[in-house]
Number of protein chains: 2
Amino acid sequence: MLSAAIQDYLKVIYKVHREAGKVTTSALAERLSVSSASVTNMIKKLAEMRLVKHTPYKQVVLTPAGEKIALEILRHHRLLELYLAEVMGYSWDQVHDEAEKLEHVISEEFEERMSAALGHPSVDPHGHPIPSTDGKITTTDHGRLSDLPSGSHAVVRRVDDRDADCLRYLEQRGLVLNARVEVIRREPFNGPVVVKVGSDEHHLGLEVARRVFVEKTAPGAGEPVSAS
Amino acid sequence: MLSAAIQDYLKVIYKVHREAGKVTTSALAERLSVSSASVTNMIKKLAEMRLVKHTPYKQVVLTPAGEKIALEILRHHRLLELYLAEVMGYSWDQVHDEAEKLEHVISEEFEERMSAALGHPSVDPHGHPIPSTDGKITTTDHGRLSDLPSGSHAVVRRVDDRDADCLRYLEQRGLVLNARVEVIRREPFNGPVVVKVGSDEHHLGLEVARRVFVEKTAPGAGEPVSAS
DNA sequence: TTCTAAGTTTAGCCTCGGCTAAATATACCC
DNA sequence: GGGTATATTTAGCCGAGGCTAAACTTAGAA
Ligand SMILES: [Mn+2]
Ligand SMILES: [Mn+2]
Ligand SMILES: [Mn+2]
Ligand SMILES: [Mn+2]
């Protein structure tokens, strides 16, 4: 069995690749809260194990074998998050940290029982897709709330899951999955985005608005289409 | 946070102390599947941390601080076993290995939610007592089925939880928690114990009978008192 | 085209928790 | 009470996964 450290590296390489296109030593160092030297070290080891391809000073890319493992861990993580939320009653800001530890130790049995108990779900509590057992994943690219022009109507489809404080802040303002939002206006000089959620208006800093991913809708549309 | 290795050492020291009275280097080495030298090494470290008292060449004893941690891990383990069995549908032979890994990574939040979901239980699927949050544990000393004289009537109250094959074997023969058994006879020369469970007779090797702990009852007694 | 700042790798070190082989202490037998 | 088997500890080693400081690449500015 691969160590928790290796599993985390592969998972983060996969995620940085999705988010930034290119995977660099320093990006991994930052995401893993580890020094660049440590990353180089581990990348050399992963390259020897044929889990990544490394072009020194340039970038690192997952091999098919590496991606398979990354998706397996991602499946663990997201099933766990949903199980903790739906079955055990965690709030969406608590699930990430717990899943981060559990993802490395659960058995295939545990994974399968969670999936069955949840009706073989396809989306986690933050709107991230859950890879299938055989490593398939259907990614939908959504824009950021921070990039919408004023007057836009949209539905929240995904939120960044790593900052618990931010998640609590969003939930308090009704910015949960599948919530409808309207961009009232955008203050200049990178000022806040003013949005309407239900009948309330909120002034969201760009920091926060960048972590909310949305699907645009027609202004007068009815109920938003549920992701499930 | 203490490492998983340290947590396992403390837990095993506690269990060996309960079962054998005296805790020796070699007993720990065997139970932890580790060399004696490794045990000595770790014990020295635990002694420096004031979690055990070590009398070289003699024995090791938990300090109050060490026992507190041991009981905390034991609580995790036993709550997990029960949760896996009751909520997730595991059989009693599957729960130990999974709990052995999870016990080191779950949060207090997870522990509390499991306990609540199970109605704050006091016994795990194998009949072991679950320590309370504040480190209290009520141990009942039961005799072994292998030690009962022929003609005895008894109720199964606890089984050794480490050997999955043995647990499946016992379950198939109806030797589950709270089952009534009668010792029909004992074959000489350390031969098998012949027991009656329900209307079936089974010939149990001493190996197996030693792992079943029972409470004696009167021959004609009615329903056994449930442990819950 | 050359210089320099930022990014990356290398070198050397550390802790943790294992291991084997050798030394030493204890206990038991005669 | 001495000799020996067994248990335990010590000594020295290893791999995993971190770290800092120094060396080296790369790319952008002048
Ligand atoms: Mn992780
Ligand atoms: Mn998530
Ligand atoms: Mn364990
Ligand atoms: Mn148990």
Side-chain angles (χ1 to χ4, degrees), chain A residues 1-14 16-17 19-62 65-66 69-70 73 100-101 103-105, chain B residues 1-17 19-62 66 69-70 73 100-101 103-105:
Chain A
M1 187 49 23
L2 298 171
S3 69
I6 289 178
Q7 293 179 0
D8 273 338
Y9 270 90
L10 294 173
K11 187 185 67 175
V12 170
I13 291 168
Y14 178 88
V16 169
H17 177 71
E19 293 164 21
K22 192 180 164 203
V23 182
T24 64
T25 301
S26 45
L28 295 177
E30 206 225 305
R31 284 287 282 264
L32 289 159
S33 302
V34 133
S35 74
S36 288
S38 298
V39 171
T40 301
N41 209 42
M42 180 60 94
I43 291 302
K44 266 167 59 180
K45 183 171 156 186
L46 295 177
E48 275 166 26
M49 297 170 83
R50 307 277 160 188
L51 297 173
V52 305
K53 179 91 199 312
H54 186 207
T55 316
Y57 291 101
K58 301 289 187 182
Q59 61 171 350
V60 27
V61 181
L62 288 175
I69 295 161
I73 301 304
E100 197 65 39
K101 296 176 297 174
E103 64 188 4
H104 307 294
V105 299
Chain B
M1 190 48 25
L2 298 171
S3 70
I6 289 178
Q7 293 179 358
D8 273 336
Y9 271 90
L10 294 173
K11 186 184 65 175
V12 170
I13 291 167
Y14 179 89
K15 294 215 276 183
V16 169
H17 177 71
E19 292 164 21
K22 193 181 164 201
V23 181
T24 64
T25 300
S26 45
L28 295 177
E30 206 226 305
R31 284 287 283 264
L32 290 160
S33 302
V34 132
S35 73
S36 288
S38 299
V39 172
T40 301
N41 209 40
M42 179 61 94
I43 292 301
K44 265 168 57 181
K45 184 171 158 185
L46 295 177
E48 276 167 24
M49 298 170 82
R50 309 277 162 185
L51 297 173
V52 304
K53 179 90 199 310
H54 186 208
T55 318
Y57 291 100
K58 300 291 185 182
Q59 62 172 348
V60 27
V61 182
L62 288 174
I69 295 162
I73 302 303
E100 197 64 38
K101 296 176 299 173
E103 64 188 5
H104 307 293
V105 300

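A note on names: the letters A, B, ... follow the listed sequences, proteins ahead of strands, and every chain is numbered from 1. Just so you know, these numbers come straight off a predicted model, no measurement behind them.
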Spacing of [atom1] belonging to [X] relative to [atom2] belonging to [Y], to within rounding of 0.5 Å:
X         : Y         : atom1 : atom2 : result
Asp8(B)   : Lys15(B)  : CG    : NZ    : 9.5 Å
Met42(A)  : Leu51(A)  : CE    : CG    : 10.5 Å
Glu103(A) : Lys101(A) : CD    : NZ    : 11.0 Å
Glu30(B)  : Thr24(B)  : CD    : OG1   : 9.5 Å
Gln59(B)  : His17(B)  : CD    : NE2   : 8.5 Å
Leu46(A)  : His54(A)  : CG    : NE2   : 10.5 Å

Every protein N/O within reach of nucleotides 15-19 of chain C N/O, cut-off under 3.5 Å:
| from | atom 1 | to | atom 2 | distance (Å) |
| --- | --- | --- | --- | --- |
| dG17(C) | OP1 | Ser3(B) | OG | 2.4 |
| dG17(C) | OP2 | Lys45(B) | NZ | 2.2 |
| dG18(C) | OP2 | Tyr9(B) | OH | 3.4 |
| dC19(C) | OP2 | Ser35(B) | N | 2.8 |
| dC19(C) | OP2 | Ser35(B) | OG | 3.1 |
| dC19(C) | OP2 | Ser38(B) | OG | 2.6 |

Mind listing the N/O atom pairs, protein and nucleotides 3-6 of chain C, below 3.5 Å?
none

task: Applying side chain to side chain contact (heavy atoms under 4.5 Å, CB included) between Val39(A) and each of Val12(A), Leu28(A), Ile13(A), report the one that passes.
output: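 By the side chain to side chain contact (heavy atoms under 4.5 Å, CB included) criterion, Val39(A) pairs with just one of Val12(A), Leu28(A), Ile13(A): Leu28(A).
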query: With respect to Tyr9(B), which candidate in Val34(B), Val52(B), Val60(B), Ile69(B) satisfies the side chain to side chain contact (heavy atoms under 4.5 Å, CB included) definition?
result: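 Output: one option passes, namely Val34(B).
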- request: Under 4.0 Å between any heavy atoms, over every strand shown, what does Thr40(A) touch: base, sugar-phosphate, or nothing? Just pick one.
  value: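 Base, at least one base heavy atom under 4.0 Å.
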message: When you measure from the side chain of Gln7(B) to the backbone of Leu2(B), do you find a donor-acceptor pair of N or O atoms at a distance under 3.5 Å?
response: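 Confirmed, Gln7(B) side chain pairs with Leu2(B) backbone.
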message: Is there a side-chain contact between Glu100(A) and Lys11(A) in this structure, where contact means two heavy atoms from C-beta onward sitting under 4.5 Å apart?
response: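 SC-SC contact between Glu100(A) and Lys11(A) confirmed.
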message: Going 5' to 3' along DNA chain D, between which two nucleotides do contacts with chain B fall, using a heavy-atom cut-off of 4.0 Å?
response: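 Result: dT8(D) to dT10(D).
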- prompt: Relative to the 5' end of DNA chain D, which residue comes earlier, Tyr57(A) or Ala27(B), by the nucleotide with the nearest heavy atom?
  reply: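 Nearest nucleotide further toward 5': that of Ala27(B).
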message: For dA25(C) and Lys58(B) - does any side-chain N or O of the residue sit under 4.0 Å from the phosphate oxygens OP1/OP2?
response: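 It does not, given that no N or O in the side chain of Lys58(B) lies less than 4.0 Å from OP1 or OP2 of dA25(C).
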